[in-house]
Amino acid sequence: MKYIVQPGGSVRGKLRVPGDKSISHRSIMFGSLAEGITEVSGFLEGEDSLATLKAFKAMGVDIKGPETGRVVIHGVGLYGLKKPEKALDLGNSGTSMRLMSGILAAQDFDSELTGDSSLSKRPMNRVALPLTQMGAVIETAEGGRPPMKIKGGHRLKGIHYDMPVASAQVKSCLLLAGLYADGETTVTEPAVTRDHTERMLEGFSYPSLQKNASTVKVKSGGKLTACKIDVPADISSAAFFMVAASIAANADITLEHVGINPTRTGVIDILRLMGADISVSNERVIGGEPVGDIRVKSANLQGIEIPEELVPLAIDEFPVIFVAAACAEGKTILTGAEELRVKESDRIQAMVDGLVTLGVEATATPDGAVIIGGELGGGEIESHDDHRIAMSFVVAGLRAGAPLTINDCDNVATSFPGFVEMACAAGICVIAEDGL
Ligand code: S3P
């Protein structure tokens with residue numbers, strides 16, 4: 001599928017973007033491993049979180065839904081999963097594969113995790129190596145890539161792991177394995193990463209979770225108790241409209257019920273440093289996660305040096321932050337973001353190449369980019385099958401001087417079902433063309 005974007009348009013109104021992807025994945029995993037019935041509302045009905053849902057169904061968990069965001073999970077307890085009949089296909093979803101490997105390494109059955117061509121290129125040694133230190137037996141393809149073949153029946157032991165990369169997926173994988181491992185499992189992170197796993201362990205009343213600034217500890221022997229989960233709207237999806245409203249003329253948009261967990265709000269901080277007009281209201285805590293309404297109006301953005309400590313707090317938002325930088329006055333410099341090269345695509349290269357196609361002065365560096373804001377033209381953009389690259393260039397269309405064609409946009413459905421309809425309703429001139 002291609003997107004065709006006509007230049008211009010504005011962004012106005014009130015929107016509630018779909019549910020948070022990270023929390024949706026974890027709601028299925030924790031709900032499945034809990035004792036009792038977990039009711040989820042606001043679940044993201046995107047392909048990634050549905051891949052997690054299907055995988056747990058394939059392991060014998062009775063899961064009803066999703067139906068308009070409602071999912072009911074009949075938990076089987078930590079030791080109730082059944083051997084799946086075939087390999088679990090996790091599609092495009094790195095979060096599913098990395099978090100589930102921690103659970104599956106501790107089961108008494110063998111399992112195999114596979115994915116699509118993008119996921120099959122992504123590094124899994126970051127979880128396979130520490131899990132192996134815990135006693136897991138895991139075989140990967142060359143270079144630590146999927147598929148992951150996980151041998152059951154190996155007892156895990158707790159370790160202390162100093163993560164070499166700031167990754168919430170690695171942290172979460174090890175904490176999940178730690179629910180089964182003898183003794184204590186502690187994970188130290190080099191920079192703050194999203195803490196939905198820790199919050200959910202608390203929400204499911206898991207005893208013995210301990211946290212300090214950069215270290216989390218769990219002990220095995222506890223149980224997870226079912227609860228209700230209200231998934232907030234995903235700030236990573238809201239970010240497209242935050243940048244859209246910042247760069248479009250006459251824009252004024254309110255994004256409702258957005259998750260504003262402080263480990264996720266780097267995009268707000270970065271856009272504010274660039275001069276964006278963003279206000280957050282109606283702040284409340286729902287199911288252990290902070291939520292608020294975010295109002296964004298047009299602004300004259302300025303280029304900045306992005307503070308490195310904000311990088312992990314905005315890691316998924318950089319594609320659209322690159323678009324903000326391209327529309328800002330002056331130079332934006334991003335450093336310390338080499339992780340962007342191993343996401344669903346090499347997001348540094350994909351964004352720089354696309355911006356250069358539109359006539360922007362943008363240069364990739366090993367760990368970031370330098371972008372000089374200016375006029376945007378039109379052209380044909382490769383999304384590299386990456387949902388966030390595709391949506392970012394739709395936003396760029398607001399300031400483009402000519403139409404944009406964005407190739408290979410099917411994967412937008414992994415994180416943002418209904419994106420085109422919502423973008424059109426807000427005032428962006430985009431259509432999807434099938435089978436071209
Ligand atoms: C996620 C963590 C991040 C993020 C991904 C979701 C999670 O990945 O990019 O989209 O749900 O834990 P890393 O852990 O690789 O930084």
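Start at 1 and go down the list; that is how both ligands and their atoms are numbered.
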Tell me which one of T52, I28, I63 satisfies side-chain contact (heavy atoms from CB on, under 4.5 Å) with K57.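 Considering T52, I28, I63, a side-chain contact (heavy atoms from CB on, under 4.5 Å) with K57 is found only for I63.
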Can you tell me the protein heavy atom closest to [atom] and the distance?
atom                    : value
atom 4 (C) of ligand 1  : D316 OD2, 3.3 Å
atom 14 (O) of ligand 1 : S167 OG, 2.6 Å
atom 12 (O) of ligand 1 : R26 NH2, 2.7 Å
atom 16 (O) of ligand 1 : K343 NZ, 3.3 Å

Is the closest side-chain donor-acceptor distance between S214 and T188 under 3.5 Å?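 On atom types as modelled, these side chains do not qualify, holding no pair under 3.5 Å.
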Distance-only side-chain donor-acceptor flag, S205 / T225, under 3.5 Å: no
Any nitrogen or oxygen of [X], side chain or backbone, less than 3.5 Å from one on ligand 1?
X    : value
S22  : yes
R388 : no
L99  : no

For T95, the ligand 1 atoms whose distance to one of its heavy atoms is below 4.0 Å: 6 (C), 7 (C), 11 (O)
Atom indices of ligand 1, in the order listed, that fall short of 4.0 Å to a heavy atom of I315: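 Counting atoms of ligand 1 from 1, those under 4.0 Å from I315 are 9 (O).
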Atom OG in S172, atom CE in M200: separation rounded to 0.5 Å? 10.0 Å
Just let me know how H196 lines up against ligand 1, side chain, backbone, both or neither, with a heavy-atom cut-off below 4.0 Å. neither
So do F393 and S383 actually touch side chain to side chain, heavy atoms under 4.5 Å?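 When only atoms from C-beta onward are counted, F393 and S383 do not touch, as no gap falls below 4.5 Å.
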Do the non-hydrogen side-chain atoms of N92 and E47 ever get within less than 4.5 Å of each other? no
Between Y180 and Y79, how do the two ring planes meet: parallel, tilted or perpendicular, split at 30° and 60°? perpendicular
